[in-house]
Amino acid sequence: DQYGKLTNLLDEAVPRCPSKSNYALYYVGYFFSRVPDESLEAIFEGDELAAVKKHAKRYQGYKNMLVSQGLMKDDE
């Protein structure tokens, strides 16, 4: 099912957040934004696919903030 496929994709694409943080949502979102379109296309189609891609794109610019919060290294 779609939920199971998305859960598996996130388990593979998103490393465990190194600490409990108020920024964990941004951490997950950032790594989700790096998932290749082909992986998303295997799960979603049409309007759903467009909405998921749009949502993921919002998190692309959060790397510097995550580095400054100590949740990831600059070279990740």
Side-chain angles (χ1 to χ4, degrees):
D1 75 318
Q2 193 177 47
Y3 178 80
K5 289 177 184 178
L6 178 59
T7 301
N8 289 338
L9 176 64
L10 290 173
D11 280 343
E12 294 172 11
V14 180
R16 294 280 177 221
C17 192
S19 67
K20 291 187 177 185
S21 168
N22 293 335
Y23 297 97
L25 172 66
Y26 299 100
Y27 181 87
V28 172
Y30 173 75
F31 282 99
F32 183 61
S33 75
R34 298 175 63 194
V35 170
D37 286 348
E38 298 80 31
S39 297
L40 296 174
E41 291 164 0
I43 300 172
F44 302 100
E45 57 185 36
D47 291 341
E48 280 185 329
L49 177 61
V52 168
K53 285 182 178 182
K54 182 179 178 180
H55 182 71
K57 190 173 185 173
R58 293 180 189 170
Y59 291 94
Q60 289 176 337
Y62 283 97
K63 181 177 181 178
N64 290 336
M65 184 266 297
L66 294 169
V67 170
S68 73
Q69 294 298 317
L71 294 176
M72 59 185 290
K73 295 178 182 169
D74 196 29
D75 59 355
E76 286 186 80

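Computed from a predicted structure; not experimentally measured.
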- request: Answer yes or no: are there more than 12 heavy-atom neighbours, outside Phe44 itself, under 6.0 Å from its atom CZ?
  value: yes

query: Would you call Leu71 and Cys17 a side-chain contact if the rule is heavy atoms closer than 4.5 Å?
result: yes

message: Tell me whether the count of non-hydrogen atoms from other residues, nucleotides or ligands lying under 6.0 Å of CG in Asp11 goes above 12.
response: yes

- prompt: In terms of the angle between their ring planes, are His55 and Tyr59 parallel, tilted or perpendicular, with boundaries placed at 30° and 60°?
  reply: perpendicular

message: Any non-hydrogen side-chain atom of Tyr27 less than 4.5 Å from a side-chain atom of Gln69?
response: no

query: Between Phe31 and Leu10, is any pair of side-chain heavy atoms under 4.5 Å apart?
result: no

task: Kindly compute the distance separating CE (Met72) from CG (Asn64), expressed to the nearest 0.5 Å.
output: 9.0 Å

- prompt: Given Val52 and Phe32, is the side chain to side chain contact (heavy atoms under 4.5 Å, CB included) satisfied, shown in steps?
  reply: CA-CA 10 Å; Val52 168; Phe32 183 61; 3.7 Å; yes

field: Side-chain donor/acceptor of Ser19 to backbone N/O of Ser21, under 3.5 Å
entry: no

field: Leu25 vs Tyr62 side-chain heavy atoms within contact, under 4.5 Å
entry: no

message: Can you tell me how far apart CG (Leu40) and NZ (Lys53) are? Round to the nearest 0.5 Å.
response: 7.0 Å

- request: Measure the spacing between NZ of Lys5 and CD of Gln2 and express it to the nearest 0.5 Å.
  value: 8.5 Å

- prompt: Would you say Asp47 has more than 12 foreign heavy atoms packed within less than 6.0 Å of its CG?
  reply: no

query: Once you round to the nearest 0.5 Å, how far does CG of Asp74 lie from CG of Leu66?
result: 11.5 Å

message: Show the nearest heavy-atom pair for residues Lys63 and Asp75, with the distance to one decimal.
response: NZ-C, 4.5 Å

